[in-house]
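Worth knowing before you read on, the calculation uses all heavy atoms, side chains too, and leaves out hydrogens, waters and symmetry mates.
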Amino acid sequence: MIAVLKPNATQQQIDSITAWLRSQGLDVHISTGTQHTVLGVIGDTRNVDTELLESLEVVERVTRITEPFKSANRKFHPDDTVVDVGGVKIGGGNFQFIAGPCSVETPEQIMTVAQRVKAAGATMLRGGAFKPRTSPYDFQGLKAHGIELLCEAKKATGMAIVTEIMSIDRLPLFADVDVIQVGARNMQNFELLRELGKTQKPILLKRGLANTLKELLMSAEYIMASGNSNVILCERGIRTFETSTRNTLDLSAVPMLHEMTHLPVVVDPSHGTGHASLVPAMALAATAAGADGLIIEVHNDPPHALCDGAQSLTPDQFDKLAADVRRIREVL
């Protein structure tokens with residue numbers, strides 16, 4: 001349930017109505033926008049007398065929310081959420097590039113790529129230390145050493161680092177990681193999501209291979225309900241009957257999610273297509289669709305990459321893409 005307060009509501013009136021709602025065992029999230037203050041009421045609201053609530057002088061209107069996701073719902077939080085990653089803002093008109101190799105391989109590789117993508121305009125460095133692979137015989141990542149190499153690249157370039165977590169017991173290793181990524185396969189690992197909700201680190205939550213947008217937002221709700229509102233959503237393609245591409249990149253998800261939620265939405269055209277030749281077109285389309293950022297796989301030597309070389313751009317290709325994206329954003 002949400003209660004929209006009148007524009008002239010005083011802080012004393014807001015505190016008074018909030019205290020009354022909490023006295024009934026309800027949780028209240030306060031969102032202060034440019035025009036109104038919105039109280040998001042979470043809990044069993046069946047016994048709340050909405051007519052009584054609406055009759056209060058300070059209340060403009062009361063609406064019951066039927067969607068199961070509450071904290072992530074734009075009705076609860078009309079203004080866009082801006083997630084701050086060490087001074088780098090994403091969402092609410094702030095657009096960012098997250099770029100880097102699929103997996104961290106060597107000190108030279110990650111440092112070379114980090115320097116090149118930063119020079120092209122990327123503000124966050126992605127790189128897999130723990131790699132979920134379909135085959136148990138494929139390269140599984142450098143694990144803890146991979147995070148160490150990412151941290152060294154962070155010190156050298158000043159870029160925030162983004163890497164994927166696989167299980168709760170690995171969480172202590174992510175103390176110096178700026179953004180923790182939850183991959184598509186773990187989107188509904190609810191115990192992991194709850195633990196990440198107890199941190200205040202930004203969480204990059206990828207859509208599952210066969211999950212609806214509602215299910216994606218319910219996963220975000222697990223994180224937010226545990227106390228962490230720093231969630232960035234990622235569209236990375238879903239599995240369909242099409243075999244020409246690795247996945248089917250659902251770009252309609254971008255404007256749809258912006259209607260449903262206040263959280264930032266970024267797009268991963270690398271996993272979304274699986275082909276480096278398709279990444280630029282889909283990245284430009286995602287930008288035009290209103291994405292708050294792009295996650296692009298960049299490798300200094302794609303033919304010899306240990307993971308996903310076929311979908312990785314070279315640094316030179318990323319230079320051109322970044323420039324083209326900036327031109328699209330200027331038009332928008």
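Between Gln24 and Asn47 there is no side-chain heavy-atom pair separated by less than 4.5 Å. In this structure the side chain of Lys131 never reaches within 4.5 angstrom of the side chain of Leu306, judged on heavy atoms. Put simply, the side chain of Val266 reaches to within 4.5 Å of the side chain of Ile90, judged on heavy atoms. Side-chain atoms of Thr261 and Phe69, non-hydrogen and from C-beta on, never get closer than 4.5 Å to each other.
With hydrogens and angles ignored, the 3.5 Å screen pairs no side-chain donor or acceptor of Lys198 with any backbone N or O of Ser226. A donor-acceptor pair under 3.5 Å links the side-chain atoms of Gln200 to the main chain of Gly227, judged by distance alone. Although no hydrogens or angles enter the test, the distance criterion places no donor-acceptor pair under 3.5 Å between the side chain of Glu297 and the main chain of Ala310. The backbone N or O of Gly237 sits less than 3.5 Å from a side-chain atom of Glu235, completing a donor-acceptor pair. Side-chain atoms of Ser219 come within 3.5 Å of backbone N or O of Met187 as a donor-acceptor pair. Without hydrogens or angle criteria, Arg74 side chain to Pro78 main chain gives a donor-acceptor distance under 3.5 Å. Using modelled atom types, one side-chain atom of Ser23 and one backbone atom of Trp20 make a donor-acceptor pair closer than 3.5 Å. For Lys70 (side chain) and Gly40 (main-chain N/O), no donor-acceptor pair under 3.5 Å exists by modelled atom type. Judged purely by atom type and a 3.5 angstrom limit, Arg207 has no side-chain atom pairing as donor or acceptor with the backbone of Ile238.
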Assess the residue pair Asp308 and Ser270 against the criterion (side chain to side chain contact (heavy atoms under 4.5 Å, CB included)); give the C-alpha distance rounded to whole Å, side-chain angles, the decisive distance to 0.1 Å, and a yes or no.
CA-CA 9 Å; Asp308 287 349; Ser270 300; over 6 Å; no

Using the side chain to side chain donor-acceptor pair (under 3.5 Å) rule, take Thr314 and Asp316 through it: C-alpha gap first, then chi angles, then the decisive distance, then the call.
CA-CA 5 Å; Thr314 64; Asp316 287 344; 5.3 Å; no

One pair to check against side chain to side chain contact (heavy atoms under 4.5 Å, CB included): Val325 and Phe95. What are the steps and the verdict?
CA-CA 10 Å; Val325 166; Phe95 182 96; 3.8 Å; yes

Ile147 vs Phe130, test: side chain to side chain contact (heavy atoms under 4.5 Å, CB included). Steps then yes/no.
CA-CA 9 Å; Ile147 292 181; Phe130 296 89; 3.9 Å; yes

Quick one: do Arg116 and Phe318 satisfy side chain to side chain contact (heavy atoms under 4.5 Å, CB included)? Show the steps, please.
CA-CA 9 Å; Arg116 287 295 305 271; Phe318 181 71; over 6 Å; no

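When the options Leu263, Ile223, Asn228, Ile42 are evaluated for a side-chain contact (heavy atoms from CB on, under 4.5 Å) with Ser71, the one that passes is Ile42. Each of Asp292, Thr123, Asn94, Asp84 was scored for a side chain to side chain donor-acceptor pair (under 3.5 Å) with Lys89, with one residue passing: Asp84. Under the side-chain contact (heavy atoms from CB on, under 4.5 Å) rule, Gln181 has a single partner from Thr163, Leu205, Leu204, which is Leu204.
Lys75 has a carboxylate O that lies under 4.0 Å from a charged side-chain N of Glu67, or vice versa, which qualifies the two as a salt bridge. Residues Glu152 and Lys155 are not paired through a salt bridge, judged by the lack of any N-O separation under 4.0 Å between the basic side chain and the carboxylate. Between Glu164 and Arg126 there is no salt bridge, since no side-chain N of the basic residue sits under 4.0 Å from a carboxylate O of the acidic one. Residues Asp176 and Lys154 are not paired through a salt bridge, judged by the lack of any N-O separation under 4.0 Å between the basic side chain and the carboxylate. By the 4.0 Å N-to-carboxylate-O rule, Arg327 lies too far from Glu330 to be salt-bridged with it.
Here the straight-line distance linking atom CG of Asn186 with atom NZ of Lys206 works out to 12.0 Å at 0.5 Å rounding. We find the CG-OG distance between Asp49 and Ser55 to be 7.5 Å, quoted to the nearest 0.5 Å. The line from NE2 of His299 to CD of Gln311 is 12.0 Å long, rounded to the nearest 0.5 Å.
Taking a 6.0 Å sphere around CZ of Arg61, one finds it holds 12 or fewer heavy atoms contributed by other residues, nucleotides or ligands. In the displayed structure, Arg239 atom CZ is contacted under 6.0 Å by at most 12 heavy atoms of other residues, nucleotides or ligands. Within 6.0 Å of CD in Glu242 there are more than 12 heavy atoms belonging to other residues, nucleotides or ligands.
One hydrophobic cluster, built from ILVMFWY side chains closer than 4.5 Å, cannot hold both Met1 and Leu217; they sit in different ones.
Between His77 and His262, the two ring planes are parallel [angle under 30°; tilted spans 30° to 60°].
Gln12 and Thr10 form no side-chain donor-acceptor contact under 3.5 Å, judged by distance and modelled atom types alone.
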